[in-house]
Visitor: 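My structure is below; once you've seen it, I'll send some questions.
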Number of protein chains: 2
Amino acid sequence: MRSLNATAASLLGLLHDGPLSGWDLVEAAQARIGNYWTLTQSQVYRELSRMTDDGLVALGETGPRERKPYRITDAGRAAFTTWINGDPAREQIRVPLLLTIQFSAHLAPGRLEEILTAERATHAERLEKYRAHAGRLELYGELDGKLDHVRLATLRFGIRHEEAALAWFDELPELFSGTTPPR
Amino acid sequence: MRSLNATAASLLGLLHDGPLSGWDLVEAAQARIGNYWTLTQSQVYRELSRMTDDGLVALGETGPRERKPYRITDAGRAAFTTWINGDPAREQIRVPLLLTIQFSAHLAPGRLEEILTAERATHAERLEKYRAHAGRLELYGELDGKLDHVRLATLRFGIRHEEAALAWFDELPELFSGTTPPR
DNA sequence: TGGTACATGTAACATGTTACATGATTAG
DNA sequence: CTAATCATGTAACATGTTACATGTACCA
C-alpha cells in the first residue's frame with residue numbers, strides 16, 4: 001500500500017471528528033490548518049477519490065444538494081496513525097521576497113523600498129489576525145476552562161514568526177546603510 | 001511569451017555574473033539562494049532547455065568533461081528585469097510539524113516529546129550555521145570594507161526565523177501545561 | 001424570480017521529486 | 001588502475017494550480 005502524503009493525511013485527520021463532504025473538508029482545512037498548510041478544492045476531490053479506491057475512506061448516502069459525505073474507515077484510521085507517528089517531513093522553505101532581495105541590483109530605483117513596504121504591511125496584518133484569534137481562544141478558555149492548547153500552540157508559532165519578520169524588516173535599513181554592525 | 005517562474009528567473013539571475021553550466025548552476029543556487037529556495041538538478045536541466053527554446057539563454061562551446069556553458073541573452077535579461085520588478089509571489093507556508101501537533105491526539109505516548117526534541121535540535125543547528133556564516137561575512141566586511149549587505153540581509157532573515165522557532169519550542173511546555181497565560 | 005452560496009467534479013498544465021543511466025577526468 | 005567527483009541528461013511519477021463546466025437550494 002502506497003504511503004500517505006501530508007495533504008491526504010490531513011483530510012483523514014479531519015475525518016476523525018465525523019463524516020464530511022469534499023466541500024466541508026475544504027472549509028475545515030482552511031479553518032483548522034489553513035495558516036500553515038494550503039490545499040485546494042481540486043486536490044481535495046482528487047485525494048478523496050484516490051483514498052476511496054484505496055479503501056481509506058468510504059462514501060455515505062448522497063444528501064441534499066448532491067452532498068456526498070465521506071467517512072474514515074478502519075484502514076484509513078490505521079494509515080493515519082502510521083503517518084502521524086512518523087517523523088514530520090522537512091519544512092518547505094520558499095521565500096520569493098528573498099529572491100527579490102538577492103537580485104535587488106536589477107530593481108528599478110525606489111522599487112525595493114516599495115516592495116518592502118508592501119510586504120511588511122502584509123506581515124503586520126497577519127500578525128494582527130493571529131493575535132486576535134489567539135486572544136479569542138484565551139478568552140473562551142478562561143470562560144469555560146477548556147483552553148484549546150493545540151490551536152493556541154500552532155497560532156503562537158505563526159505569531160512568533162510574524163514578529164520575527166517584522167523585526168527583520170525594521171533592521172533592514174540599518175543593514176543596507178553600510179555601517180558594519182559592532183561585534 | 002510565457003512569463004518566468006521563480007526558479008527559472010533565479011537561474012537567469014545567477015547567469016548575470018557570467019556563463020555557467022547546469023552543474024555550476026546547481027552549485028551556485030545552493031550556495032547563493034539554497035537557504036530559502038530549493039531546486040533540484042533535474043529542474044535546472046529542464047528549465048535550461050526550456051529557456052534555450054525560448055531564446056532566454058544560449059549554449060556556448062562544449063568544454064572539458066562535456067561541460068556546456070549557458071549564457072544569458074538580451075531577451076533573457078529583459079525577461080529577468082520584468083520578473084524581478086514584479087511583486088514577489090506569496091510565501092509558501094508548509095509546516096509538517098504543525099500538522100503533527102494539530103493531530104497530536106493520535107500520537108503514541110511520549111512520541112510528541114521525541115519529535116519536538118528532534119525538531120528543536122535541527123532548528124538550533126540551522127541557527128548556528130547561519131550565525132557562523134553571518135559572522136564570517138561581517139569579519140571579511142570589516143577587513144576589506146566591502147560588506148555583502150545582500151547576503152547578510154537574507155541570512156538575518158533566517159536567523160530571526162530560527163530564533164523565533166527556538167523561542168516557540170521553549171514556550172510550548174508552558175502552553176501545554178494548562179495554565180492560561182496572564183494577559 | 002434571480003442572485004448567491006452550496007456542492008461536485010474534470011481538464012490541462014506547471015512544478016517538484018526520485019531514481020536511474022551514462023560517460024569524462026582527476027587524484028591517489 | 002580504480003574510486004571519487006564532475007557532468008549531463010531522461011523517465012516516471014507526485015503534487016500543486018488555474019480554469020472551467022455543471023447543477024442545487026435558499027433567501028430576499
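Quick note on labels: first sequence line is chain A, next is B, and so on, each numbered from 1.
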Visitor: E47(A) has an atom CD; how far is it from atom P of dG16(D), in whole Å?
Guide: 8 Å
Visitor: Check the hydrophobic clustering (I, L, V, M, F, W, Y; side-chain heavy atoms under 4.5 Å; chains of links allowed) and say if F176(B) and I159(A) are grouped together.
Guide: yes
Visitor: Hey, which sits more toward the 5' end of DNA chain D by its nearest nucleotide, Q92(A) or Q41(B)?
Guide: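 First, find each residue's nearest nucleotide; the 5'-ward one identifies Q41(B).
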Visitor: Over the length of the helix from dT1(C)-dA28(D) to dG28(C)-dC1(D), how much do the five-pair end axes diverge, rounded to 10 degrees?
Guide: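 The angle, to the nearest 10 degrees, is 20°.
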Visitor: For the pair made of CZ in R67(B) and C1' in dT5(D), what is the distance, rounded to whole Å?
Guide: 14 Å
Visitor: Give a yes/no answer on whether the side chain of R50(B) brings an N or O atom under 4.0 Å of OP1 or OP2 in dT15(C).
Guide: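 Yes, R50(B) has a side-chain N/O under 4.0 Å of OP1/OP2 on dT15(C).
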Visitor: Per the atom types in the model, does the base of dA11(D) pair as donor or acceptor with the side chain of S42(B) at under 3.5 Å?
Guide: yes
Visitor: From CD1 of I93(B) over to P of dG16(D), roughly how many Å is that when rounded to an integer?
Guide: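 Atom-to-atom, I93(B) to dG16(D), this comes out as 14 Å.
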Visitor: Determine the interplanar angle of the W168(B) and F157(A) rings, folded into 0 to 90°, and report it as parallel if under 30°, tilted if 30 to 60°, perpendicular if over 60°.
Guide: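 Ring orientation, 0 to 90° scale: perpendicular.
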Visitor: Output the rounded distance in Å from CG (D54(B)) to P (dA14(C)).
Guide: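 Spelled out: CG on D54(B) to P on dA14(C) is 11 Å.
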Visitor: Is there, by distance only and without an angle test, a donor paired with an acceptor across the side chain of R46(B) and the base of dG16(C) below 3.5 Å?
Guide: yes
Visitor: Under a 4.5 Å side-chain heavy-atom rule over Ile, Leu, Val, Met, Phe, Trp and Tyr, are L12(A) and W23(A) clustered together?
Guide: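 In one cluster with L12(A): W23(A), no.
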Visitor: Are the charged groups of E138(A) and R131(A) less than 4.0 angstrom apart, N to O?
Guide: no
Visitor: Would you sort out whether H123(B) and E91(A) count as a side-chain hydrogen bond (donor to acceptor under 3.5 Å, both in side chains), showing the intermediate values?
Guide: CA-CA 11 Å; H123(B) 283 278; E91(A) 248 174 82; 3.1 Å; yes
Visitor: Which one, dG9(D), dG16(D), dA7(D), comes nearest to the side chain of K68(B)?
Guide: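 In terms of side-chain proximity for K68(B), the closest of dG9(D), dG16(D), dA7(D) is dG9(D).
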Visitor: When you measure from the side chain of E66(B), which nucleotide among dA19(C), dT17(C), dA24(C) comes out closest?
Guide: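 Selected nucleotide: dA24(C).
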Visitor: Strictly below 4.0 Å, N to O, side chains only: are E171(B) and R156(A) in salt-bridge contact?
Guide: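 Judged by the 4.0 Å cut-off on N to carboxylate O distance, E171(B) and R156(A) do form a salt bridge.
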Visitor: Between D53(A) and R50(A), is the closest basic N to carboxylate O distance under 4.0 Å?
Guide: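 Salt bridge absent between R50(A) and D53(A).
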Visitor: Atom CH2 of W37(A) to atom P of dT17(D): distance rounded to whole Å?
Guide: 11 Å
Visitor: Rounded to the nearest 0.5 Å, what's the gap from CH2 on W83(A) to NE2 on H106(B)? Could you check?
Guide: 11.0 Å
Visitor: Between dT15(D) and Q43(A), is there an OP1 or OP2 to side-chain N/O distance shorter than 4.0 Å?
Guide: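 For dT15(D), neither OP1 nor OP2 has a side-chain N or O of Q43(A) closer than 4.0 Å.
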Visitor: Assess whether a salt bridge exists between R32(B) and D17(B), defined as any Lys/Arg side-chain N lying under 4.0 Å from an Asp/Glu carboxylate O.
Guide: yes
Visitor: OP1, OP2 of dA14(D) versus side-chain N and O of N5(A): anything below 4.0 Å?
Guide: no
Visitor: Could you identify which residues of residues 13-30 of chain A place a heavy atom less than 4.0 Å from some atom of DNA chain C, listed by residue number, or say none?
Guide: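 Residues of residues 13-30 of chain A under 4.0 Å from DNA chain C: S21(A), G22(A), W23(A).
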Visitor: Over how many whole Å does the gap from R94(B) atom CZ to dG16(D) atom C1' extend?
Guide: 8 Å
Visitor: Would you mind reading off the distance between Y45(A) atom OH and dA21(D) atom P, rounded to a whole angstrom?
Guide: 18 Å
Visitor: Could you pull out every donor-acceptor pair under 3.5 Å between side chains of residues 95-103 of chain B and any protein atom, sequence neighbours left out?
Guide:
residue	atom	partner	partner atom	Å
T100(B)	OG1	P96(B)	O	3.4
Q102(B)	OE1	Y36(A)	OH	2.9

Visitor: Rounded to whole Å, please give me the gap between CG in L48(A) and P in dA7(C).
Guide: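 So the two atoms are 14 Å apart, to the nearest Å.
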